[in-house]
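Just so we're clear, the structure is a prediction, and the values are computed from it rather than from any experiment. Just so we're on the same page: letters track the sequence lines, and every chain starts at 1.
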2 protein chains.
Amino acid sequence: MSIRLVIADDQALVRGALAALLGLEQDIEVVAELGDGTGVAAAVVEHSADVAMLDVEMPGLDGISAAAAVRRAAPSCRVLMVTTFGRPGYLKRAMQAGASGFVVKDTPARQLAEAVRRVHQGLRVVDPVLAAESLTAGDSPLTEREGEVLKAASDGGTVADIAKSTMLSEGTVRNYLSAAMAKTGGRTRAEAVRIAEDNGWLL
Amino acid sequence: MSIRLVIADDQALVRGALAALLGLEQDIEVVAELGDGTGVAAAVVEHSADVAMLDVEMPGLDGISAAAAVRRAAPSCRVLMVTTFGRPGYLKRAMQAGASGFVVKDTPARQLAEAVRRVHQGLRVVDPVLAAESLTAGDSPLTEREGEVLKAASDGGTVADIAKSTMLSEGTVRNYLSAAMAKTGGRTRAEAVRIAEDNGWLL
DNA sequence: AATGAGGGATGACAAATGTCATCGGGGGGC
DNA sequence: GCCCCCCGATGACATTTGTCATCCCTCATT
């Protein structure tokens with residue numbers, strides 16, 4: 001009896017290619033392919049899937065939230081996250097959301113099927129390098145609002161823009177940015193944004 | 001007689017998956033897989049490949065430069081660029097570098113093999129949406145130095161940092177940044193960076 | 001009841017940034 | 001020769017940021 005797999009990735013080419021790669025395995029059957037996170041939980045239920053392979057970065061519902069939705073809708077379905085960026089914060093948050101595995105996209109292709117099997121058996125699969133980084137990196141030091149403001153700042157607008165989009169006073173925005181810079185260690189607003197992004201503290 | 005194909009993409013998973021996907025086609029044979037751009041031209045020559053499929057974003061030698069190298073080393077080998085981001089500037093630069101096709105990673109998977117065949121036959125394959133954008137977007141308005149300075153600014157450092165890394169005076173840096181902001185239409189240094197990146201004017 | 005942390009705001013001040021005029025040198029085009 | 005554009009720099013100036021102290025309110029902890 002083969003493993004019933006659902007794949008969600010926003011890049012159609014990658015999605016299709018992964019399906020082709022895993023479809024070559026005798027014990028794996030790809031039962032659904034999705035382009036965003038919104039329909040994943042429903043698809044898992046509909047096809048009574050055993051494993052869901054989710055990209056973290058997706059339009060609509062992001063992979064982490066989708067993972068949580070899958071766990072809620074079908075607790076017996078395991079979740080394997082696949083991501084482009086090895087952001088330490090992503091790993092931690094994915095695990096908290098109930099994922100069983102976390103793989104970055106530059107791991108060798110042959111290990112992927114093995115990861116799916118391991119996850120299906122109830123084992124955990126985690127990139128060891130990333131796991132180590134995740135431990136050193138720690139949780140986000142940013143408070144919720146600080147994160148929101150920093151995210152609002154991430155497209156390069158002025159303080160006035162950020163204030164408008166967050167419904168805050170300009171002074172307050174500057175205070176939060178200042179706090180975020182202090183906590184991230186960035187010497188500039190832009191640097192703070194980059195550091196927070198690299199660590200997976202935004203989103 | 002099958003099409004001899006070389007694949008270069010920095011994400012091993014994607015690379016392997018693409019190879020698996022295209023390997024399913026009877027008329028395509030994947031003769032080499034590379035993780036960066038440096039060895040592509042040599043691999044093409046060694047395996048006397050017919051088509052090279054290159055990612056634009058790669059460590060070491062980027063895809064555009066690699067395309068030029070392939071054209072120089074083996075003029076009979078066609079180049080098909082595959083990229084995550086549909087930056088208008090990339091398309092133009094890829095074509096100037098001698099690429100025959102340009103595909104974004106969220107085109108349907110089944111069209112990929114067809115694109116490889118078309119390119120092999122000497123036809124050009126270009127995403128029509130991207131082609132239109134490329135025409136409206138136009139060339140980079142930035143001068144060479146402006147681009148360099150803007151790129152140096154893209155990791156969020158201060159003017160002093162940029163001045164140090166570019167060996168320019170701080171005043172000069174600010175002048176270039178000011179010019180870059182005017183030309184991109186950005187109201188902030190960070191915004192100018194974002195706009196330039198989105199258009200494929202950096203790199 | 002007291003404490004502390006976070007949300008939200010104001011005002012003041014120093015430093016960084018963005019703008020502009022101006023200068024000189026070098027090259028390409030008419 | 002002249003004009004225009006790019007490179008590189010300087011100095012002055014207005015704005016924007018970043019920093020800090022201080023205030024009030026709420027909620028959870030002790």
Take atom [atom1] of [X] and atom [atom2] of [N], then tell me their distance rounded to the nearest Å.
X: Arg189(A); N: dT16(D); atom1: CZ; atom2: C1'; answer: 8 Å
X: Leu142(B); N: dC6(D); atom1: CG; atom2: P; answer: 11 Å
X: Leu150(A); N: dG18(D); atom1: CG; atom2: P; answer: 11 Å
X: Ile162(A); N: dG18(D); atom1: CD1; atom2: P; answer: 9 Å
X: Asn175(A); N: dT17(D); atom1: CG; atom2: P; answer: 14 Å
X: Glu191(B); N: dT16(D); atom1: CD; atom2: C1'; answer: 14 Å

Does [X] have a side-chain nitrogen or oxygen under 4.0 Å from the phosphate oxygens OP1 or OP2 of [N]?
X: Ser169(B); N: dT10(D); answer: yes
X: Thr158(A); N: dT16(D); answer: no
X: Arg174(A); N: dT19(D); answer: no

- Closest-nucleotide ordering on DNA chain C, the 5'-leading residue of Lys183(A) and Glu170(A): Lys183(A)
- Closest contact, heavy atoms only, Val6(B) versus Ala49(B):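 Of all heavy-atom pairs spanning Val6(B) and Ala49(B), the closest is CG2-CB, 3.6 Å.
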- Please report the closest heavy-atom contact between Thr107(A) and Ala12(B), naming both atoms and the distance.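 Looks like O-CB, 3.4 Å.
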- Message: Need one value for Thr143(B): base, sugar-phosphate or nothing, where a base atom within 4.0 Å counts as base even if backbone is also close, heavy atoms only.
- Response: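 Here Thr143(B) touches the backbone only, sparing every base.
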Would you say [X] and [Y] make side-chain contact, with heavy atoms under 4.5 Å?
X: Val193(A); Y: Leu150(A); value: yes
X: Glu146(A); Y: Trp201(A); value: no
X: Tyr176(B); Y: Leu168(B); value: yes
X: Arg15(B); Y: Asp55(B); value: no
X: Asp9(B); Y: Lys105(B); value: yes

- Residue pair Arg117(B), Glu114(B): steps toward the salt bridge (Lys or Arg N to Asp or Glu O under 4.0 Å) verdict: CA-CA 5 Å; Arg117(B) 290 190 197 98; Glu114(B) 199 47 37; 3.0 Å; yes
- Message: By nearest heavy atom, map Val159(A) and Gly171(B) onto DNA chain D; which one lands nearer the 5' end?
- Response: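 Here Gly171(B) is the residue nearer the 5' end.
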- Item | chain A contact limits on DNA chain C, taken 5' to 3' with a cut-off of 4.0 angstrom to heavy atoms |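 Contact boundaries, 5' end first: dG6(C) to dA12(C).
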- Message: With a 3.5 Å distance limit and no angle check, can you tell me whether Arg93(A) reaches the backbone of Gly200(A) through a side-chain donor-acceptor pair?
- Response: yes
- Which angle, rounded to 10°, do you find between the first-five-pair axis and the last-five-pair axis of the helix from dA1(C)-dT30(D) to dC30(C)-dG1(D)? 30°
